[in-house]
Amino acid sequence: MTNKTKKRIAIFGSTGSIGTQALDVIAANPELFSAEVLTAMTNDALLIKQALAFQPAIVVIGDEKKYPIVKEALSGTDTQVYCGEKALQEVASMDVYDMMLAAIVGYAGLKPTLMAIEAGKAIALANKETLVVAGDIIIRKAMEFRVPIIPVDSEHSAIFQCLVGEGRNKIEKIILTASGGPFLGRKPNFLMNVKREHALQHPNWSMGAKITIDSATLMNKGLEVIEARWLFNLKPEQIQVVIHPQSIIHSMVQFEDGSIKAQMGLPDMKLPIQYAMAFPQRIPNTFPRYNFKQPNTLQFDEPDLKTFRNLALALEAMKQGGNMPCILNAANEIAVYAFLKNRIGFLDMTDVVEKTMQNVAHIAEPTLEDYFETDGEARTFADSLIQMY
Ligand code: NDP
Ligand code: MG
């Protein structure tokens with residue numbers, strides 16, 4: 001294969017858990033992919049190392065104070081160096097790449113992804129918050145600009161894979177599996193004493209800090225329900241969450257004839273990352289395989305919505321619609337970072353989200369501007385709650 005047929009990938013958030021694994025996939029498949037844009041927020045050392053190894057056309061460091069360090073380190077190379085939030089958006093619309101891997105964490109991923117869609121770039125979407133905040137607008141824009149959004153989140157990749165070849169066959173419902181996180185089966189009297197270090201230990205997946213906390217509170221599953229609603233054009237009642245502690249079945253689709261398709265495999269994010277990057281091709285790899293010869297039990301259970309109220313709040317936000325999921329997401333980001341700084345307790349995160357949802361004005365049909373404003377208002381309100389702890 002010649003250079004011309006390589007897919008040029010822009011990894012927004014290349015220094016994170018998803019970003020570094022995506023670079024592993026690119027390194028393993030140099031004939032298929034090249035890394036043309038790499039971005040980080042503060043981790044200049046890793047960004048520089050990645051740039052020297054992959055020789056992208058452009059790197060962006062979000063933190064402007066780090067610009068001189070990155071610029072100096074890459075001065076002998078052909079890589080251009082940009083900095084700041086605005087640059088992330090500008091680079092997203094540049095003609096140096098074909099597919100964006102949206103792997104920035106949180107609301108910060110929204111604007112660059114929007115710019116990439118408007119520039120006609122294919123999107124491999126890890127950043128679920130983008131769809132939680134403004135799913136209606138993102139999906140509408142993707143249709144308008146005819147760009148595919150291919151999920152990287154393992155559950156959504158599973159559903160996407162189950163739908164390949166199904167044409168117009170209708171989905172009766174999807175079954176989103178959830179590991180249940182490190183506190184599966186625990187009750188509030190235990191959770192109230194949970195500390196940061198304990199919550200950062202996920203049984204099956206190694207991920208960035210924010211999503212690891214979201215997995216422990218089940219907010220991650222709530223965000224994923226909303227993500228699925230937009231990706232697969234579903235009604236809220238068509239989405240069921242099932243606890244499956246082994247994380248072998250990554251999710252399922254039930255069709256109108258009652259038949260259920262599941263996508264299975266060992267939990268390894270490199271699989272959905274490479275699937276999204278190579279779609280519709282499957283590329284061989286040497287990742288460990290699931291072994292049916294070992295004693296295995298696959299369990300399924302109902303989520304405990306009374307204990308893990310974040311999931312209930314996310315379902316409620318989805319039902320209310322409009323800017324409510326945006327409010328939920330902003331409050332949750334503030335709450336998670338406060339918990340990570342030991343400012344508030346584990347269960348306080350839910351209270352912050354709930355109170356913010358009750359206090360920021362609901363808008364039934366928000367514009368993009370409304371979403372930006374809502375995000376700011378919800379953050380300010382959630383912050384003011386945290387000051388009181
Ligand atoms: P990490 O925290 O590991 O990485 C986040 C990346 O985004 C880093 O490159 C970071 O830069 C950058 N970043 C952080 N804040 C900003 C900002 N304000 N502006 C620009 N860039 C920023 O996150 P993950 O890789 O775990 O997750 C990324 C996304 O993928 C999340 O939305 C998550 O929900 C989703 N996802 C992750 C999974 C996983 O297994 N990790 C699984 C499924 C979905 P720096 O390193 O400099 O801070
Ligand atoms: Mg997931």
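Heavy-atom basis, side chains included; hydrogens, waters and symmetry copies ignored. Here the structure is a predicted model, which is why all the values come from computation and not from measurement. Atoms within a ligand are numbered from 1 in the order they appear, just like the ligands themselves.
- No other N/O/S atom of E155 lies as close to the Mg ion (ligand 2) as OE1 does.
- Heavy-atom distances between M269 and ligand 1 reach below 4.0 Å in at least one pair.
- For S154, no heavy-atom contact with ligand 1 is shorter than 4.0 Å.
- The residue from I211, I104, T15 that puts a heavy atom closest to atom 29 (C) of ligand 1 is I104.
- Nearest N/O/S atom of D153 with respect to the Mg ion (ligand 2) is recorded as OD1.
- Under a 4.0 Å heavy-atom criterion, L88 is in contact with ligand 1.
- Between K128 and E155 there is no salt bridge, since no side-chain N of the basic residue sits under 4.0 Å from a carboxylate O of the acidic one.
- When non-hydrogen atoms are compared, ligand 1 lies under 4.0 Å from the backbone of S17 as well as from its side chain.
- The side-chain heavy atoms of L184 and D301, taken from C-beta on, include no pair separated by under 4.5 Å.
- Between atom CD of residue Q89 and atom OG1 of residue T113 there is a gap of 10.0 Å, rounded to the nearest 0.5 Å.
- Contact between G62 and ligand 1 is absent, with no heavy atom of the residue lying under 4.0 Å from the ligand.
- Considering backbone and side-chain N/O atoms, T42 comes within less than 3.5 Å of an N/O atom of ligand 1.
- Taking only non-hydrogen atoms, the option from A45, A209, S157, A108 nearest to atom 18 (N) of ligand 1 is A108.
- A salt bridge does not link D136 with R229: every distance from a Lys NZ or Arg NE/NH1/NH2 to an Asp or Glu carboxylate oxygen is 4.0 Å or more.
- Residues R343 and D348 are not paired through a salt bridge, judged by the lack of any N-O separation under 4.0 Å between the basic side chain and the carboxylate.
- At a heavy-atom distance under 4.0 Å, no atom of K210 approaches ligand 1.
- A salt bridge is defined here as a Lys NZ or Arg NE, NH1 or NH2 lying under 4.0 Å from an Asp or Glu carboxylate O, and D383 with R379 fails to meet this definition.
- Of the polar atoms of M41, at least one N or O is found under 3.5 Å from an N or O of ligand 1, judged by distance alone.
- Which of P112, A103, S215, G19 comes nearest to atom 6 (C) of ligand 1 through a heavy atom is settled by distance: it is A103.
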